[in-house]
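All values below come from the heavy atoms of this structure, side chains included, with hydrogens, waters and symmetry mates left out. The model shown is predicted, which means the values in this text are computed figures rather than measured ones. Every chain is numbered from 1, with letters handed out A, B, ... down the list of sequences.
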Amino acid sequence: MRIPCPYCGPRGNDEFIYLGDATVRRPDPQALGASDAFYEYVYLRDNPSGLHQELWYHGGGCRSWLVVTRNTRTHEISDVTFAAGGKL
Amino acid sequence: MNAPHRLAQGGLIDRARPLSFVFDGQAYAGCAGDTLASALMANGVKLVGRSFKYHRPRGILTAGSDEPNALVELRTGPRREPNTRVTTVELYDGLVAASQNRWPSLAFDIGAVNDWLSRFLVAGFYYKTFMCPAKFWEMLYEPLIRRAAGLGRAAGAGDPDHYEKAFAHCDVLVIGGGPAGLMAALAAGRAGARVILADEDFRLGGRLLAERYEIDGKPGTEWVAEIEAELASLPDVRIMPRTTVTSVFDHGQYGAVERVNDHLPVPPEHEPRQRGWKIVAKRAVLAAGALERSIAFGNNDRPGVMLAGAVRAYANRYAAAPGRRVAVFTNNDDGWRTAADAHAAGIEVAAVIDSRAEPPAQFAALGIEVLTGAQVSHVHGGQGVRGIDVVDARGRLTKIDCDVLAVSGGWNPAVHLTCHLGGKPVWSDNLAAFTPGATPPGMHVAGAANGALTLAECLHAGVAAGAMAAVECGFPIASFMMPSAEDEASGVTALWHVEESRAKAFVDFQNDVTVEDIALANREGFSSVEHLKRYTTLGMATDQGKAANVTGLAILADVSGRAIAEVGTTTYRPPYVPVSFGAMTGHHRSRDFRPVRLAPSHQWAEEQGAVFVEAGAWLRAQYYPRDGEKDWLETVNREVTATRASVGVCDVSTLGKIEIEGADAAIFLDRVYTNTFSSLPVGKSRYGLMLREDGFVMDDGTTSRLAPERFVMTTTTAQAGRVMQHLEFCHQVLWPELDVQMVSVSEQWAQFSIAGPRSRAVLRKLVDERYDLSDKAFPHLAAKEVAVGSVTARLFRLSFSGEMAYELAVPARYGDAAIRAIMAAGEEFSMIPYGTEALGTMRIEKGHVAGNEINGQLTARDLGLGRMMSSRKDYVGRVMAQRPALLEPDRPVLVGFRPADRKARLRAGAHFIPLGATVTAANDEGHMTSVAFSPMLGHWIGLGVLKRGPQRIGERVRAYDPVRNGDVEVEICSPVFFDPEGARLYG
Amino acid sequence: MKYSVFSLLREAFRGHAGWTPAWRKAEPKSEYDVVIVGGGGHGLATAYYLAKVHGITNVAVLEKGYIGSGNAGRNTTIIRSNYLLPGNEPFYEWSMKLWEGLEQDFNYNAMVSQRGVLNLYHSDQQRDAFARRGNAMRLHDVDAELLDRDAVRAMVPFLDYDNARFPIHGGLLQRRGGTARHDAVVWGYARGADLRGVDIIENCEVTGFDIAGGRVTGLDTTRGSIKAKKIGLAVAGNTSRVASLAGLRLPIESHVLQAFVSEGIKPAIDCVVTFGAGHFYISQSDKGGLVFGGDIDGYNSYAWRGNLPTVADVMEEGMAIWPGLGRIRMLRQWGGLMDMSMDGSPIIDRTPVAGLYLNCGWCYGGFKATPASGWCFAHLIARDEPYEVAAALRLDRYATGALIDERGAGAQPNLH
């Protein structure tokens, strides 16, 4: 695969490190039921066949964490943004 | 030497450059421009190989990389390459090849007894038998099968040649240098696109080399030369002959193999044998042509039965006559060209047998005997064709003498690369073949690969695809004078199998899959095309079914009463042709398999005669032996003893080092460490523990506060990269609102641990005297920037050894100078360097955890570090670390162990079971994680995790180690073996 | 018809006309006692043991394609029971024991070949970790031998002992490990189940579940609705997709794993060898091809194919241990969908939906588990309680923390 890093341009996927689903959000650790929420956050995944928002780390490049929208059936990448938000 | 089957004239061979070669011990002569196949053919060698299962004699079927039969062991010794297709081997002087899968000789092969037994050895026979008695399978049957199976022999020794990996980017990658590919490359190249034109052959032209076509009134080869010259003149066009594009990967990436020097006996010095390419292309034009297929009829595998197009290739391109008297069996117009070309080459044509009732008109003038509506049902001859039986429409049998039968069952477009990303080919009744379905993004298909089988169509399609690809890359349309060529006849009526066959009719030649096998598989319910393949091995040979698959599934459709489109194809998987390990590996082999990271003191350590050890990517000094020391243990004991007695130095630059800065840096650290760092004063260091979000320990290390908003973190060597990634994740993904930045400085600093009671005295000589190093001014866990000579260094008072110790960090470029200066300063104190073994021994003596304990399976509590889990703040891993199973009182917890018999040796990896308990998993109470011989205590010591360990101090358990016969009774003790009060830290 | 040398001889003399389908092409009935979703090795084995061990024969196996079209038909065929953790080891050893009697049991030659599995180690630390695992195996009464460099060299002399980046220090050997012919395992179970009355229904995809009052009552398929008292899911890489039809969200990601086979060559390597300074495993099939693989590609995928960096990595690692591979050619590569669990170990358990059972999380190690997976899943479905050796393979272990993490990689599927 080639991932279009918004900072570095398109690069081979071997420059990147994959983490997984980008849609899960770290829960409020103080909230009631935090342990259930953390269980879901750490372990449960939609794992869709189709569009997937996922985190990739450009460790072999600019060190940005990216949110890549990729189709898991075709590997087509439709969008890439910085996980931290913001634009170049 | 005179090659008896060499035609007197013609061909693209260089008769002035004779080459000699050896096949099965017999010397022959060929010419430059020959392949091994054409040279063998010119010499009248028909029997070239043996089939996989029945060991049937086989000859050359094709003239390309789709060859299933004529495989040889090429070259000798460590360069021996099994299963090499003679059809793709360029002849070179001194070539040596041997036939394979036969014994004792090719002509007389004992294995051919399988052919006699073939009524038992049908598809899947082995699934039904060899089960009884059970033991006999592994003792008898399987070894026999294994010995009989396989094809050629591997070299066995390391490959002496070397290989390269190479990378290229282009606008348009054109795959195939036949008429369509040449036109596509020219159209894109003229438009200004960066073009790569890759062709498998050593000569551009594709089918034009094998046919007698004319383009623009010129012979095809002349036209090719002109196009090639223009392409070569274009600055952004790169022509890559001998290069097969083998695979398509996502997002415009293509794998290719360039056979750089396979046409030479040995690659020239400093040149690779092959080059594995990764080509990134915005667009690709697939112009890979089409592959001719055979027809299944009795004994259709005999040497001398060839594909009709291959017969033309040998006659026209190589001036090699496949035989003296050729018959043609075809179901399409194209087959007739073979008759015409053979005739023109002076080869006698016995007959043309066309299964169709209406032959094409234009060949009528040849004066050749023609049998229409007829089929070949049988081939006579064992190791070579002697004649054929022809059944005509009325069922009459005619026998025709011939020594070659040219067969054309039609052409299959080479759709392979269109399918690598999941595209499914589409059946065309008109062509009686599969054509490309959905293509990979960015790929256009042109010419015969797209089902355009005539030359004029190919030229037009090539121009259109090349121009389209260039336009899509943003280039203008270039003006183009379309070359003119014939739109030759190409009609076809499907014929897969001759019903009247009485001998075995082969579909997959190499794997000996017959029409009967397909029918049997269908009868047994293996009627899905994938089941058929797996049950019969159809298409699993080294040609990956190029010569067999479509015919096979058409026959399956027939016997199962389905349409071919309904049956579908198996999946076309990469690579298009088999790829050597060498080409995929390049220089990443042997010691260069992975890069080596060297510590800044490496050269110095080498000078000291250090023994090095692999630690991940690093090569670290393990110990520094001295003359007279009998083994590593004596050396390590000396290093430990000397360090604890006076002072020692160890390169710890391999630790990860991360600078963390910003107004929120302290808050950030509080969130990633279990313990608190916001309270750390400037100028101090603190040991920190980091968890994964699942609550298990990820890493440990020290972090020092150099300024209110500036920290430097150290990580373990092994986890340096992962921790950096984790911190970036925590910042960029979890808490982007925090004002903090971080950068890895692991490479930027050389860091040395200087440990022992005289460490301060050594440092005193190194550090500028304006810095007070007294225990009061620079106590344990102090951290400060200092000057060492003119260099700004960082000094930390940190101890892994339990001694009073410092870590001195200097910019990495001073690392070598620093170790020399440190050793010089330490000379008067008998300072010694110590390696990772002594480092490990001292940390075990102190009960410090390291990689063996931080193994991803243990929690902070398991490691006895529960007290470091702050209850006053949140941090990564806090919530999940409270899960009930992780709070179980029965979990194994870190404790120390010493042998009950103090002379006994301990070994890490031993499991603990209660004394006297039976040896069962139920009694497994934990395991030894680390051991060392403690020179300070004079016996072996160990760390390990044990159920309720801390409550069992003084108790004895059995350290069970059957895999090393190392059962030892051990006593449970505190993990801190040496200086438990920690007094030695302060001096 | 019973398969034997006699039946083969008899058929040989009458043109093999008497062979009948290995399994019937069954049409779905309207109702079954048990429906197994997924006609791979695990699903078919489950049906086989339901019928054979528990006498439950009113069973259907639904397969969306052809049977064995998933990971059962595209793996590297290794069988072994060399696990470290008590949650895994007894389960895989039970599988090994079933392998050892499988062919006689289901009357099909699956070519189970106990040629040995040798895990190379390359450092003292790794030796100790392997010793820990070997000792754990011995505690479970499983064979394990720790070999030093010389012993490894005597066994596989052609590896690189003198010029390697990561020198071979020794290996952990399980002699009872080996390989089996993957497709034959599928067909053998299918035939065995079919003979006992199980309906194997191919080209039948599940499109929904009927759930009433927290209990599953049936399912919808592309070939109509089917009522079922109990339903078991054994759909590997499609677990999340199918389970979501029943409203379940699971600790599973689907990843692609590539595998490779070389051209056939004469016998060159006898046992299964794995590389410890990376992730690479290789063996040779009875047909002569070298069968090998390495790491998963590392990203979620349902695409059944991988990418180039992994191909290069795998082949480099092969050359790293066996320099003689240089001129051997890789013939074919393919990709399968792995149901990667969050701790790298499988799940055989009930679900929050009564009557719906789950068999998943096999990561890239499901083939060797096939017999025990079927056995234990059948037991769970028949008795509604776990079979002893699979008792730890619970779905709730992620919530409780009773994880089975052989690698210690944590909650990140692509690291297992």
Is it true that a side-chain atom of [X] and a backbone atom of [Y] form a donor plus acceptor pair closer than 3.5 Å?
X      : Y      : value
C:R305 : B:P574 : no
C:R165 : B:A617 : yes
B:H911 : C:R132 : yes
C:E263 : B:P578 : no
B:H531 : C:I67  : yes
C:H16  : B:R119 : yes
C:R329 : B:E81  : no
B:K128 : C:Y108 : no
B:R591 : C:N163 : no
B:D924 : C:L139 : no

Mind running side-chain contact (heavy atoms from CB on, under 4.5 Å) on C:K25 and B:S527 for me, showing each step along the way? CA-CA 10 Å; C:K25 305 280 171 193; B:S527 50; 3.9 Å; yes
Nearest-0.5 Å distance that lies between atom [atom1] in [X] and atom [atom2] in [Y]:
X      : Y      : atom1 : atom2 : answer
B:C132 : C:Q104 : SG    : CD    : 7.0 Å
B:D961 : C:L146 : CG    : CG    : 8.0 Å
B:D543 : C:L331 : CG    : CG    : 8.5 Å
C:N135 : B:R907 : CG    : CZ    : 11.0 Å
B:N83  : C:R327 : CG    : CZ    : 13.5 Å
B:F125 : C:L9   : CZ    : CG    : 12.0 Å

Relative to chain B, which segment of [X] carries a heavy atom at a distance below 4.5 Å: side chain, backbone, both, or neither?
X      : answer
C:L415 : side chain
C:E89  : neither
C:N107 : both
C:A129 : neither
C:I200 : neither
C:A164 : backbone
C:E11  : neither
C:T20  : backbone
C:S7   : neither
C:F13  : both
C:R181 : side chain
C:A110 : neither
C:Q284 : both

Check whether the ring centres of B:F526 and C:Y66 lie less than 6.0 Å apart, and answer yes or no.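 B:F526 vs C:Y66: aromatic centres not under 6.0 Å.
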Please flag which part of [X] lies under 4.5 Å from any non-hydrogen atom of chain C: side chain, backbone, both or neither.
X      : result
B:H927 : side chain
B:D694 : side chain
B:S528 : side chain
B:I145 : both
B:P143 : neither
B:T929 : neither
B:Q622 : side chain
B:Y535 : both
B:A155 : neither
B:A541 : backbone

Minimal non-hydrogen separation, B:T585 against C:M315, with atom names: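 Closest approach of B:T585 to C:M315: OG1-O, 3.4 Å.
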C:Y3 to B:Y127 - nearest heavy-atom pair and separation: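 Shortest heavy-atom separation between C:Y3 and B:Y127 comes out as CD1-O, 4.3 Å.
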More than 12 heavy atoms of other residues, nucleotides or ligands under 6.0 Å from CG of C:D124: yes or no?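 Counting other residues, nucleotides and ligands, CG of C:D124 exceeds 12 neighbours.
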Atom CZ of residue position B:R573 - does it have more than 12 heavy atoms of other residues, nucleotides or ligands inside 6.0 Å?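 Counting neighbours around CZ of B:R573, more than 12 heavy atoms of other residues, nucleotides or ligands fall under 6.0 Å, so yes.
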Under the criterion ring-ring contact (aromatic ring centres under 6.0 Å, His included), I'd like the reasoning laid out for B:F581 against C:F260: C-alpha separation, chi angles, the key distance, then a yes or no. CA-CA 11 Å; B:F581 270 79; C:F260 309 83; 8.7 Å; no
Check the pair B:H420 / C:Q333 against side-chain contact (heavy atoms from CB on, under 4.5 Å), numbers first and verdict last. CA-CA 10 Å; B:H420 286 185; C:Q333 66 189 88; over 6 Å; no
Residues forming a side-chain contact (heavy atoms from CB on, under 4.5 Å) with C:N109, sequence neighbours excluded: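 Listed in chain order: B:F130, B:M131, B:W137, C:E103, C:M111.
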Thinking salt bridges, do [X] and [Y] make one under a 4.0 Å N-O criterion?
X      : Y      : result
C:D286 : B:R147 : no
B:R589 : C:D160 : no
B:R964 : C:D128 : yes

Tell me, please, which residues at least two apart from B:K165 pass salt bridge (charged side-chain N to carboxylate O under 4.0 Å, His left out).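 B:K165: salt bridge (charged side-chain N to carboxylate O under 4.0 Å, His left out) contacts with C:E316.
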Report yes if some heavy atom in the side chain of [X] is under 4.5 Å from a heavy atom in the side chain of [Y]; otherwise report no.
X      : Y      : value
B:R883 : C:R397 : no
C:V311 : B:F249 : yes
B:E142 : C:V112 : no

Start with the C-alpha distance between C:Q125 and B:N852, add both sets of side-chain angles, then the distance that settles side-chain contact (heavy atoms from CB on, under 4.5 Å), and finish with yes or no. CA-CA 7 Å; C:Q125 197 178 3; B:N852 288 6; 2.4 Å; yes
C:R138/B:V919 under side-chain contact (heavy atoms from CB on, under 4.5 Å): CA gap, chis, key distance, verdict: CA-CA 9 Å; C:R138 296 283 283 266; B:V919 177; over 6 Å; no
